[in-house]
*Asks:* 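One structure, as structure tokens, below. Some questions next.
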Amino acid sequence: MALYNAEAIVIRTRDFDEADKILVMLTREEGKISAVAKGARRPRGRYAAAAQIFTQVKASLFHGRNLDTLSQIEIVESFRHLREDLVRMAYGSYICELMDEMLREKQRSESVFLLLLTTLHLLNAPEIDPEPTRRAYELKLFSILGFRPSFEECVACSKPLGAAPFVRFAPALGGVLCPTCPSEGEVIHRLSRGTIETMKRLMDGDIRKASILRIAGEMAGEIDRVVADYIKHRTERPLKSKEFLDSLRA
Ligand SMILES: [Zn+2]
């Protein structure tokens with residue numbers, strides 16, 4: 001069995017056999033992988049401390065046919081604040097679950113790894129507002145993975161949209177519609193030009209600066225509804241962590 005090294009973030013864990021855990025990890029080198037951490041369920045097990053969601057690690061692993069197996073693991077960052085605060089933990093769980101849901105096994109993307117790592121650092125910083133950070137993360141993730149919403153051109157006829165004060169956004173179709181194209185019975189969100197501009201800024205700007213963007217409550221609600229709808233059309237099931245996060249925010 002070939003041994004390889006990876007920088008990784010644990011995005012999900014589950015119990016396996018009597019004493020082991022399976023870690024789903026996003027690695028910089030190999031994309032999303034699943035690996036067995038032997039003995040990780042025992043409190044003093046060799047991998048117990050590292051085998052937890054959010055942990056950033058350096059790992060050595062053996063390639064396996066279905067599952068890889070951990071050989072060595074070293075914690076780089078444990079994101080302590082994120083872990084100790086229920087609300088921040090809910091944000092962290094959500095960004096990991098969304099990532100997990102959107103990526104196929106072994107799908108490689110260094111940009112996605114760096115986006116997750118940067119976002120975990122931001123959510124771990126007490127001075128950072130998690131809400132705009134979460135909004136930027138969602139839009140950036142979709143953009144990187146090839147599901148970038150179209151804000152400038154009509155998704156049906158590719159005509160540029162011009163400067164109308166309001167536009168129709170169809171989440172199922174992947175973006176905005178010009179005034180002449182029919183919506184084909186899809187759910188339509190009527191968005192102001194300002195909302196579109198803010199979403200573009202969140203998607204293409206520096207995520208480390210997202211939390212200083214001032215987004216008024218009404219616009220924030222508009223963005224959240226349209227993005228939630230957009231996500232719903234691109235994931236196979238409702239995300240449990242999102243339901244929990246929404247219950248905390250309500
Ligand atoms: Zn059109």
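Start at 1 and go down the list; that is how both ligands and their atoms are numbered. Heavy atoms only: backbone and side chains are in, while hydrogens, waters and symmetry mates are out.
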*Asks:* Using 30° and 60° as the class limits, which term best fits the ring planes of Phe151 and Phe169: parallel, tilted or perpendicular?
*Replies:* tilted

*Asks:* Check whether Ile128 and Leu114 end up in the same hydrophobic cluster, where Ile, Leu, Val, Met, Phe, Trp and Tyr are linked by side-chain heavy atoms less than 4.5 Å apart.
*Replies:* yes

*Asks:* So does Ala49 get a backbone contact from the side chain of Gln52, meaning a donor-acceptor N/O pair under 3.5 Å?
*Replies:* yes

*Asks:* Are more than 12 heavy atoms from other residues, nucleotides or ligands located less than 6.0 Å from atom NZ of Lys58?
*Replies:* no

*Asks:* Closer than 2.8 Å to the Zn ion (ligand 1), which protein N, O or S atoms?
*Replies:* Cys154 SG, Cys157 SG, Cys178 SG, Cys181 SG

*Asks:* Mind listing the closest non-hydrogen atom pair of Cys154 and Leu177 along with its distance?
*Replies:* SG-CA, 3.9 Å

*Asks:* Any ion pair linking Arg28 and Glu110 (charged N to carboxylate O, less than 4.0 Å)?
*Replies:* yes

